[in-house]
> 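What follows is a structure written as structure tokens; I'll ask about it next.
Throughout, a chain's letter reflects where its sequence line sits, starting with A, and its residues are numbered from 1. All values reported here derive from a predicted model rather than from experimental measurement.
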Amino acid sequence: MSNLQPVRGTHDLLSEGRKRHRHVEDVAMATSALYGFEEMATPIFEFTDVFARTLGDTSDIVTKEMYTFETKGGESITLRPEGTAGVARAFISNGLAQHAPIKAFYKGPMFRHERPQKGRQRQFHQIGVELIGVEGPQADIEVIALATHILASLGLSASVTLELNSLGDIESRAAFRSVLLDYFKVYESDLSDDSLGRLGKNPLRILDSKDEGDRKIIEGAPDFADHLNDASKAFIDAVQQGLSDLSIPYTRNVKLVRGLDYYCHTAFEFTTTSLGAQGTVLAGGRYDGLIKQMGGPSTPGVGWAAGIERLAMLSDVSLTKNRPISVVPVSSDLTRKAQTLVQDLRKTGLFIEFSFTGNMKKRLKRADKSNARAAVILGEDELKDGNVVLRDLDSGEQDIISLSDVAQTLTSKYG
RNA sequence: GCGGGUGUAGCUCAGUUGGUUAGAGCGCCUGAUUGUGGUUCAGGAGGCCGUGGGUUCAAUCCCCAUCACUCGCCCCA
């Protein structure tokens, strides 16, 4: 085995794997188009500030998982760990506020220096959407409806469940934060080390701790839903009502929180139990403060991102391969003639395979291996009369047809 | 970043209680006379037994380290 390994946490996508990713991307993009979302491609790296200032200095992503480096010009650059910040920056850079609302779809690689696991890589791929410039809950509903639609189109409706929560507005969150702090302070000595660390930084995160001891304490913790102010309550109620109207099943999970600081109000997550520890397949929420925080005009937004690798693992659709038609010269003297025919046939839109080397037997063997449905065999005897042999590789039947009719015959028979 | 498991042919895996030339299945290549694939038969190629170090007369096997994958924690998509 060669010692040339790819960098830890990165993977090559060969034909089959790439096809599966492609399928996810295609379905997601086509479905998003039905909702008026257009693809937006932002750079794979940004100035470090774009992420550092927006994701929150308590998030692990910023504190220890970013690929940050200095350019020759002395600028600090970071490989994007997620997509929203880049889209928000593009929104500001391009003055898109005047075109709001903006509906953006994106796909591509993201980079996070984490310990690799199943469904977790250092370079991974996401699809995502952002709906920027709509204040009301209709936007949240539309974006969740789109996510549901895409997952359904990928055949994942049954393997995935939607959880929903409200993180409230700034006022509600601040209020709840202090209530939570008071509650957890009492149990300070019993909390896990991880949660103890979160107590000072982001006590909300304690709510989704998996630690046994923590869970017991959390059971009795105050409920965020009881501490939302009227506006926040009305907002999440409207979202829930909208989902019900659209018959989108969900469960309210008051313990659901977000790792990134820019979220408010609606937070949601589609999870699965069949992917082990990395159960989150698609997640997102509302980020009304983000664009202003980045220095743009105060603009609300809501969106989500999904991991392509995780979706591809869940979606076991059998991808059908196109079957080619093989052109086979009987002798090497006919190679040039065959090559010409191949080119003509391809120009008519047919999928033609043509071996670079080998005698007739080898070429037919390869045709079979490529799952070709038919072979056009060029032999001296037939060519004298301007004919070729057309062999159906499934049935083994073969006819002699005129060279001038090949394209038409193939198209009507196999096209 | 922390803890557990794994690492032998392109793939899936045996195996050596430390001892000459490390095996199977699949795949790959060649052949079974004339211009015909799939099936069959015969033959063949391909392994520094993940990498580096240690113990030993001797290591693929034991010990240490390291790298990668994997499971859990963490994090999140």
Side-chain angles (χ1 to χ4, degrees), chain A residues 1-11 14 24 55 58-65 81-84 107-128 147 160 192-195 197-198 202 205 208-212 214 257-260 269-272 275-284 303-314 326 328-334 355 358-383 388-398:
Chain A
M1 186 182 287
S2 167
N3 57 355
L4 262 189
Q5 293 177 328
V7 174
R8 184 174 204 195
T10 67
H11 294 281
L14 275 25
V24 171
L55 303 184
T58 64
S59 80
D60 281 16
I61 291 180
V62 170
T63 52
K64 45 195 184 201
E65 293 176 1
E82 57 99 47
T84 302
K107 63 177 163 72
M110 306 291 165
F111 306 85
R112 258 122 96 157
H113 192 102
E114 299 181 277
R115 176 114 180 214
Q117 251 182 60
K118 181 179 185 166
R120 190 168 84 182
Q121 301 169 193
R122 290 183 171 180
Q123 176 177 339
F124 62 105
H125 300 81
Q126 287 188 331
I127 50 171
V160 131
S192 66
D193 288 349
D194 283 326
S195 289
R198 293 189 278 235
N202 191 351
R205 293 285 333 280
D208 66 356
S209 170
K210 284 177 193 163
D211 183 87
E212 282 280 330
D214 287 352
V257 295
R258 296 276 70 162
L260 307 180
E269 214 166 276
F270 287 82
T271 58
T272 178
L275 242 43
Q278 315 304 323
T280 304
V281 155
L282 183 154
W304 53 256
I308 296 180
E309 282 82 1
R310 293 181 187 179
L311 290 173
M313 274 190 281
L314 282 178
S326 191
V328 176
V330 160
S331 71
S332 56
D333 296 342
L334 295 169
S355 284
N359 57 24
M360 178 180 191
K361 190 173 182 143
K362 235 188 248 174
R363 287 166 186 267
L364 274 171
K365 203 164 193 163
R366 269 184 223 130
D368 185 63
K369 195 148 283 175
S370 72
N371 198 24
R373 54 207 316 180
V376 176
I377 302 171
L378 276 71
E380 276 94 353
D381 296 349
E382 292 82 1
L383 274 175
V388 298
V389 174
L390 175 56
R391 179 180 179 84
D392 186 299
L393 291 176
D394 290 340
S395 66
E397 288 166 18
Q398 56 185 46

> Using Watson-Crick or G-U wobble geometry with both distances under 3.5 Å, which nucleotide pairs with B/U17?
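Looking at the geometry, B/U17 pairs with no nucleotide.
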> Please enumerate all protein N or O atoms sitting under 3.5 Å from an N or O of nucleotides 30-33 of chain B, with distances to 0.1 Å.
unit_1 : atom_1 : unit_2   : atom_2 : d
B/U30  : OP1    : A/Lys362 : NZ     : 2.7

> Does any N or O donor sit under 3.5 Å from an N or O acceptor when you compare the side chain of A/Arg391 with the base of B/G37?
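Indeed there is one.
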> Write down the protein N/O and nucleotide N/O pairs, taken from nucleotides 3-7 of chain B, whose separation is under 3.5 Å; answer none if there are no such pairs.
unit_1 : atom_1 : unit_2   : atom_2 : d
B/G3   : O6     : A/Arg115 : NH2    : 3.3

> Quick one: is B/C76 close enough that its OP1 or OP2 comes under 4.0 Å of any side-chain N or O from A/Arg112?
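A/Arg112 to B/C76 OP1/OP2: no side-chain N or O under 4.0 Å.
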> Picking from B/C74, B/G35, B/A77, which would you name as closest to the side chain of A/Glu114?
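For A/Glu114, the side-chain atoms sit closest to B/A77.
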> Should the side chain of A/Glu382 and the base of B/G35 be counted as holding a donor-acceptor pair, with the cut-off at 3.5 Å?
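Donor-acceptor pair under 3.5 Å: yes.
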> Taking atom P in both B/A59 and B/C26, compute the distance separating them and give it to the nearest angstrom.
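One P to the other, the span is 35 Å.
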> Roughly how far, to the nearest 0.5 Å, is the CG atom of A/Asp333 from the CG atom of A/Leu378?
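CG of A/Asp333 is found 12.0 Å from CG of A/Leu378.
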> Closest approach to the side chain of A/Asp368, judged atom by atom: which nucleotide of B/G37, B/U36, B/A77 is it?
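Of the candidates, B/G37 comes closest.
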> Could you measure between the two C1' atoms, the one in B/G23 and the one in B/U8, and give it in whole Å?
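Rounded to whole Å, the distance is 10 Å.
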> Could you give the distance separating B/G54 and B/C73 at their C1' atoms, to the nearest angstrom?
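Approximately 33 Å lies between the C1' atom of B/C73 and that of B/G54.
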> For nucleotides B/A14 and B/U60, find the distance between their C1' atoms and express it as a whole number of Å.
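Result for the C1' pair: 14 Å, nearest Å.
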> What heavy-atom pair brings A/Arg310 and A/Gly119 nearest, and what distance separates the two atoms?
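Closest approach of A/Arg310 to A/Gly119: NE-O, 2.8 Å.
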> Output the rounded distance in Å from CG (A/Asp193) to P (B/C74).
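Checked: the CG to P distance equals 12 Å.
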> Specify the residue among A/Leu275 and A/Gln398 whose closest nucleotide of RNA chain B lies further upstream toward the 5′ end.
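The 5'-side residue here is A/Gln398.
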> Take the protein atom CG of A/Leu390 and the nucleotide atom P of B/U36, then report the distance between them rounded to whole Å.
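These atoms are roughly 18 Å apart.
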> Rounded to whole Å, how long is the line connecting atom NE2 of A/His113 with atom C1' of B/C76?
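The answer, rounded to whole Å, is 15 Å.
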> If I compare all heavy atoms of A/Gln126 with all of A/Glu82, which pair ends up nearest, and what's the gap?
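Scanning both residues, the minimum pair turns out to be OE1-CA, 4.3 Å.
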> What closest approach, in Å, do A/Arg391 and A/Gly396 show between heavy atoms, and which atom pair accounts for it?
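Here A/Arg391 and A/Gly396 meet closest at NH1-O, 3.4 Å.
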> With P as the reference atom in both, quote the distance from B/C71 to B/C13 in angstrom, rounded to an integer.
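Those two atoms are separated by 14 Å.
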> Rounded to the nearest angstrom, tell me the gap between atom CD in A/Glu82 and atom P in B/A77.
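One finds 8 Å between P of B/A77 and CD of A/Glu82, rounded.
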> Nearest-nucleotide wise, let me know which of A/Lys118 and A/Leu282 is further upstream toward the 5' end of RNA chain B.
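Counting from the 5' end, the first nearest nucleotide belongs to A/Lys118.
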> Is any side-chain nitrogen or oxygen of A/Gln278 closer than 4.0 Å to OP1 or OP2 of B/A77?
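No, outside the criterion.
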> Between P on B/G1 and CD on A/Gln117, what's the gap in Å once rounded to a whole number?
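Whole-Å distance recorded here is 14 Å.
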> Measuring to OP1 and OP2 of B/C74, would you say a side-chain N or O of A/Arg205 lies under 4.0 angstrom away?
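It does not, given that no N or O in the side chain of A/Arg205 lies less than 4.0 Å from OP1 or OP2 of B/C74.
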> Using every non-hydrogen atom in the two residues, find where A/Lys107 and A/Ile127 come nearest and quote the distance to one decimal.
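Closest heavy-atom pair between A/Lys107 and A/Ile127: CB-CG2, 3.9 Å.
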> Heavy atoms only, 4.0 Å cut-off, all strands: where does A/Val330 land among base, sugar-phosphate and nothing?
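Here A/Val330 touches the bases of the nucleic acid.
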> Nearest whole angstrom, please: distance from the P of B/C2 to the CZ of A/Arg120.
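Distance, rounded to whole Å: 13 Å.
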> Please give the distance between the C1' atoms of B/G27 and B/G47 as a whole number of Å.
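Straight-line distance between the two C1' atoms is 16 Å.
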> What's the spacing between A/Glu309 CD and A/Gln123 CD if we round to 0.5 Å?
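A/Glu309 atom CD to A/Gln123 atom CD measures 8.5 Å (nearest 0.5 Å).
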> For residues A/Gly9 and A/Gln121, report the shortest heavy-atom separation together with the two atoms involved.
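A/Gly9 and A/Gln121 have their closest heavy atoms at O-CB, 3.3 Å.
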> So for A/Arg8 and B/C67, does any side-chain atom that can act as donor or acceptor lie under 3.5 Å from a complementary atom in the base?
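Absent.
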> Using the C1' atom in both, what is the distance from B/U56 to B/C64, to the nearest Å?
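16 Å, rounded to whole Å.
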> Over how many whole Å does the gap from A/Asp208 atom CG to B/C76 atom P extend?
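Whole-Å distance recorded here is 8 Å.
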> Nearest whole Å is fine: how far is B/C69 C1' from A/Met313 CE?
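In whole Å, B/C69 C1' lies 14 Å from A/Met313 CE.
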> When the C1' atoms of B/C28 and B/C63 are considered, how many whole Å apart are they?
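Roughly 39 Å separates the two C1' atoms.
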> For the side chain of A/Asp381, counting heavy atoms from C-beta on, which of B/U36, B/C73, B/G35 is nearest?
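Closest nucleotide to the A/Asp381 side chain: B/G35.
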